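In what follows, a structure is listed as structure tokens, so that the remarks can point back to it.
Only a predicted model underlies this, so the values are computations on that prediction, with no experimental measurement involved.
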Amino acid sequence: MSTRKGNLTIYNSLTGKKEKFEPLINGFVGLYVCGPTVYSHVHLGNCRTFISFDMVYRYLKHLGYKIRYVRNITDAGHLENDAEEGEDKIAKKARLEQIEPMEVVQQYTINFHEVLGRFNNLPPNIEPTATGHIIEQIEMVKKIMQEGLAYEANGSVYFDVEKYNETDNYGILSKRKIEDLVSGTRELDGQDEKKSPLDFALWKNAAPQHIMKWPSPWGVGFPGWHLECSVMSTKYLGEQFDIHGGGMDLKFPHHECEIAQGTAATGKKPVRYWMHANMLTLNGKKMSKSTGNTLLPEALFSGNNQAIGKAFHPIVVRFFMMQAHYTSTLDFSAEALDAAEKGFHRLSEAIEMLEDLSVQQSSSIDVQKLIDSFYAAMDDDFNTPVLIARLFDASKFIQNVKAGKAQLGLEDFKSLKAKMNAFFFDVLGLQKIDQDEDDSLGTVMELVLSMRQKARNNQDWDTADSIRDKLQEANIKVKDGSDGATWSKN
RNA sequence: GGUCCUGUGGCCGAGUGGCUAGGCAGAGGUCUGCAAAACCUCGUACAGCGGUUCGAAUCCGCUCGGGACCUCCA
């Protein structure tokens, strides 16, 4: 397995190129992904990002790397906007619902974990919170101030972007020029504290009515949004680490600011490979909480929604997402999900069929080459759609072996089974959707099908067909094969 | 307005100079008592116009359409 390491290439948003992946420390990977601000339910667009990086984590794991996967929970500091009166999102929600901020945090953190669990996401190794790292954040602010790249104004501390840009490059990630940014800035109220509209808050002074605030050398306040990620990634992964992921919409300003903060505080560029997952769209427009163009996972799983109007299993949704590359936008529609659902079941059946396939002396195709193609797809910047295409090729082969039209040797059988399972379950994170959890149904069906077989043996087609029709009405589909009938629930 | 991305057959979606994925839907066939499933065959698609090239969906230019970011968003 470890021999598979070393061929992976990753599209690095920082350089705009696909690069060979070489971790800082051989065999180990530090992975940081920007988590949610837990002030409301996660929607499907949010989920796509987390599912994409779950897949990245899973493949790195499969390749044999030891990974420390850190994904934060933002439970403070995320402002409604950057203006003077900008309110913390969590605090605002707490005020509106008249509950404690930490109740808001708790409620939506639980929801977040529950939803990702249904998508079969693996938990990260560390899931730190912003409020748990206030001291570290204050320390980093001090450090940046010592470097002369931040200044205090009325109890708030701002990052001095223009000064930083004199010796460094603010805009290196988002490919923006500072002059363009300045000219494009709109007039926001209460920005007179800042030297430049581009400057962003490291620490914000809290007005008396604020409920979430902490003491600091600059007075009572709360940390700026971008700071937590810099602090927590540095704390758990080091001043420089391998991969930082997040949604495309975080590229600017969030990630740009992270680079600036990290560089200012440590003198090192914090991240070696930046990865950005693209947006999930609904009706061709980005899913977004603020515009209301969203779909909640629950609504999709239950079918209780206007946008799609049909229930889909979370694993089918995951499969659907895996059929597109993580760097492409993906549009959600009932038709596309329907197609994915059918394809998923076909692939699923082939995986099941592989369990007890009869084996011959040798194989009629080059099985090793097929397996290599799985790796080639994933090594090419986690190209899951191509991987799935190759898995379908394999599924066709499996069907042919089953039908006696192709042969599979014992050794090939073992490795194909191992790799198909590894890619389907471990890498893509898919699961069998159990159709017969109730064991008694299985026993009953065995009985019914054997009775039907008797009727068929007697050429009593009326009885045989009526059994099949009745079962169909009960949503159980009977498929007659050469070696007996099988059934499945629709 | 600025910066950037994108436009692939009925639908979804890979592919970044020649070897022209895959899924769904559709047509024909094999198998089967019939049906379903499965398998086989079939679509010469790359927004438009021009250019570079022996050769372009793939590179360049223009036009048109869609989107993202520039303010919070995965």
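Among the nucleotides B:rU3, B:rA35, B:rA74, the one closest to the side chain of A:Asp480 is B:rA35. Set against B:rC39, B:rG22, B:rG67, the side chain of A:Phe392 has B:rG22 as its closest nucleotide. With distances taken from any side-chain atom of A:Lys286 to the nucleotides B:rG23, B:rA74, B:rC34, the minimum falls on B:rA74.
Judged by the 6.0 Å distance and 45° axis criteria, A:Lys194 is not positioned over the aromatic ring of A:Phe159. Cation-pi geometry between A:Arg71 and A:Phe53 is not met: the NZ or CZ atom fails to fall both under 6.0 Å from the ring centre and inside 45° of the normal.
B:rG10 is paired with B:rC24 under the criterion used here, namely a Watson-Crick or G-U wobble arrangement in which both key atom distances are under 3.5 Å. In a base pair of the Watson-Crick type (N1 to N3 plus N6-O4 or O6-N4) or a G-U wobble (N1-O2 and O6-N3), with each distance short of 3.5 Å, B:rC4 is matched with B:rG67.
If you take atom C1' in B:rG9 and the same atom in B:rA21, they sit 14 Å apart, rounded to whole Å. Of the P atoms belonging to B:rG43 and B:rG22, the separation is 12 Å, rounded to the nearest Å. Between B:rC11 and B:rC70, the distance separating the two C1' atoms is 34 Å to the nearest Å.
A:Glu341 and A:His313 share no donor-acceptor pair across their side chains, judged by distance under 3.5 Å alone.
For A:Trp461 and B:rG33, the ring-to-base geometry satisfies the stacking test (centroid distance below 5.5 Å, interplanar angle below 30°).
Atoms CG (A:Asp462) and P (B:rC34) sit 15 Å apart, rounded to a whole Å.
For A:Asp465 against B:rG33, a side-chain-to-base donor-acceptor contact under 3.5 Å is present.
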